[in-house]
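Letters A, B, ... mirror the listed sequences (proteins, then strands); counts begin at 1.
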Amino acid sequence: MSSSPLAALTAAGFRRGELLALAIGPGGELGLAWTSGSWAGELDPAALAAVEAELRPRWTCWSVDPLRELVRRDLRVATCWELAAVHRLLFGGWRADPALSWAALHDLPASGLPESGQLDLLGPAGDEGVDPEQPVRPDGYLRPEWTAGGWAANPDRLTRWAALALAGAELQQQRLATLKVLGNAPATARSESTAELLGAELGEDGLPVNLATAEQLIGSIIGPRPATAAEAAAQRERRDREVLSLVSGDYDLRSPGSVKALLARIGIEVPDTRSWRLEAFREVHPAVAALLAWRKAERIATTYGYDWLDRHVGPDGRLRGQWTGSDGAAGRMTASAGLHNLPAELRPAVAADPGWVLVRADLGQIEPRVLAAVSRDRELARASADADLYAPVAERLGVPRPTAKVAVLAAMYGGTSGNAAAALQGLDAAYPVAMRYLRQAYDAGRAGRSVRTYGGRLVRMWATPDGLSFEEERANSAARGRFARNAVIQGAAAELFKVWAVTIRARATALDARVVLCLHDEVLVHAPEPVAAEAQRLVADCLIEAVRRWAPDDAVHFVADLSVVKRWSEAK
DNA sequence: TCGGTCACGTA
DNA sequence: CGTACGTGACCGAG
């Protein structure tokens with residue numbers, strides 16, 4: 001194996017765009033496998049860059065780990081096939097390791113999965129006298145010794161492990177091809193895979209943050225950075241006193257029980273002490289307003305304070321977290337390090353580098369538009385032609401716009417707010433196709449049946465727990481119904497969003513721009529200032545391209561709000 | 001030390 | 001009887 005990967009692939013007749021599986025060992029050893037060959041050797045980024053440039057393969061792997069290794073070595077590949085992401089799409093749930101994924105693709109029950117520790121003690125389950133270099137046991141499950149890390153033991157195993165990923169990917173493709181959903185499941189598998197790759201890049205690149213601004217913002221809320229633990233304690237005590245000085249008695253503001261006692265002392269009886277509930281008592285006693293202000297500051301101090309800054313923002317001014325391409329429920333992207341719940345007050349600190357800009361874009365009213373698309377409701381699709389979808393809906397229903405909006409949201413999420421009942425009936429009459437779609441998801445969930453999103457993601461329902469009262473059982477079913485109804489909308493929206501995001505990722509490289517944040521329906525792109533206008537146009541064009549690839553037809557109109565800014569907070 | 005609960009930020 | 005996520009503090013059980 002002295003030749004380069006590119007030479008080996010070319011000699012074997014590898015065609016552009018084919019699946020090329022890779023496995024990377026802990027020491028940077030590389031195994032490659034494709035339909036007509038394999039290769040093992042040291043991971044040389046330049047050699048793989050040559051493969052990418054020449055053959056643009058679909059890099060195929062069991063998990064996002066090898067992709068992350070490539071990203072770490074500054075190798076940005078165009079496309080991939082990530083088996084874990086596709087497993088979650090096909091089979092639902094969160095767990096998606098090779099052992100489970102392989103078993104599922106062979107219709108073997110998860111309950112029969114061999115465990116690594118017990119195997120030798122209990123004796124082999126059809127494993128005796130069989131070649132240990134063979135990763136698949138006679139009973140069809142993967143050998144635990146391999147899945148526990150043994151796959152990286154030597155070059156031969158590395159290529160076999162890659163070949164197994166290749167075989168798994170092909171089985172996944174067969175399943176996707178026969179999946180009965182309205183959307184394009186194979187295409188969803190590709191965009192979901194690439195979203196994992198995007199997540200790896202987001203984790204490596206980070207979100208540009210102006211450290212001085214961040215320090216200043218935090219300082220204005222909780223005071224200057226304490227030099228010692230004693231100073232920090234003093235600051236904390238000073239914050240507490242702002243509230244406690246307004247009441248008599250000693251209370252622990254961090255303990256809900258104690259806060260409840262404090263409130264009782266000033267004549268306020270509440271079932272819990274959540275801010276929205278206390279909001280109503282703001283005028284009753286000055287301590288309430290002080291407590292609400294304390295809560296805000298405490299949130300910054302504990303979750304988004306100097307500690308957070310030190311832990312998650314590097315000296316290069318990049319906020320880095322761990323990204324996943326899809327959560328366990330409907331398939332949204334998730335991020336740690338506060339990237340998805342950064343308080344609005346801190347957003348001025350998210351700023352482009354000097355000479356750069358942020359292109360910010362968010363999808364407008366994505367959920368009702370997605371509902372129109374996935375349910376194929378022609379009438380609701382007609383409403384999507386309006387930049388404000390709720391306006392034609394309101395007109396059709398003969399109600400004020402706010403009522404129409406509440407009714408649509410209530411239909412999708414089961415909202416309770418006031419008297420949406422009449423408007424809901426109007427929706428049933430005006431948009432029966434969309435409403436039937438929602439009802440079917442709700443009924444499936446209530447009955448405990450799993451649902452699939454438009455793009456094919458299986459959303460599993462949980463079983464009713466034992467020993468519930470009649471009332472609890474009903475509440476459980478209703479919760480499942482709401483969950484399912486929400487999942488088919490939120491999940492489909494997440495699928496469209498990811499198509500958009502990975503399209504931007506692919507196109508933006510031409511401008512030297514990069515996606516730096518994905519936030520469910522919003523995307524931030526860091527772009528060189530001279531190409532700001534082009535980058536903005538690119539993001540808009542990518543939405544058109546994404547919708548064309550994702551939607552069943554062109555009946556539904558999607559809109560994005562776009563702006564070029566220096567700071568995230570400047571937008572909108 | 002751990003899981004459950006409360007609370008709260010984002011979409 | 002909106003849903004989803006990540007985070008951090010407290011609290012009671014072990």
Contact interval (first through last nucleotide) of DNA chain B with protein chain A, 4.0 Å heavy-atom
dC6(B) to dA11(B)
Remember a base hit wins even if backbone is also touched, and classify A478(A) as base, sugar-phosphate or nothing at under 4.0 Å, heavy atoms.
base
Between [N] atom [atom2] and [X] atom [atom1], what is the distance in whole Å?
X       : N      : atom1 : atom2 : answer
K498(A) : dA4(C) : NZ    : C1'   : 13 Å
H520(A) : dC5(C) : NE2   : P     : 10 Å
E522(A) : dC5(C) : CD    : C1'   : 16 Å

Got a sec? Which of [range] come in under 4.0 Å of DNA chain B, heavy atoms?
range                       : answer
residues 331-352 of chain A : R332(A), H340(A), N341(A), L342(A), P343(A), A344(A), R347(A)
residues 243-270 of chain A : P256(A)
residues 295-324 of chain A : R295(A), K296(A), R299(A)
residues 447-470 of chain A : none
residues 194-209 of chain A : none

Judged by atom type as modelled, is there a donor-acceptor pair below 3.5 Å linking the side chain of [X] to the main-chain atoms of [Y]?
X       : Y       : result
T324(A) : D327(A) : no
Q490(A) : A330(A) : no
R225(A) : G219(A) : no

Salt-bridge criterion met for [X] and [Y] (N-O under 4.0 Å):
X       : Y       : value
R436(A) : D443(A) : no
D541(A) : R507(A) : no
E298(A) : R295(A) : no
D561(A) : R360(A) : yes

Are [X] and [Y] close enough that some pair of their side-chain heavy atoms sits under 4.5 Å apart?
X       : Y       : answer
D353(A) : R318(A) : yes
V547(A) : W500(A) : no
V288(A) : L263(A) : yes

Can you tell me if [X] and [Y] form a side-chain donor-acceptor pair at under 3.5 Å?
X       : Y       : answer
S63(A)  : R68(A)  : no
S326(A) : E192(A) : no
D252(A) : S255(A) : no
T302(A) : R254(A) : no

Distance col, row L319(A):CG vs L339(A):CG, nearest 0.5 angstrom, shows 4.0 Å
Applying salt bridge (charged side-chain N to carboxylate O under 4.0 Å, His left out) to R236(A) and D240(A), what does each step give before you reach the verdict?
CA-CA 6 Å; R236(A) 201 170 117 124; D240(A) 293 3; 5.2 Å; no
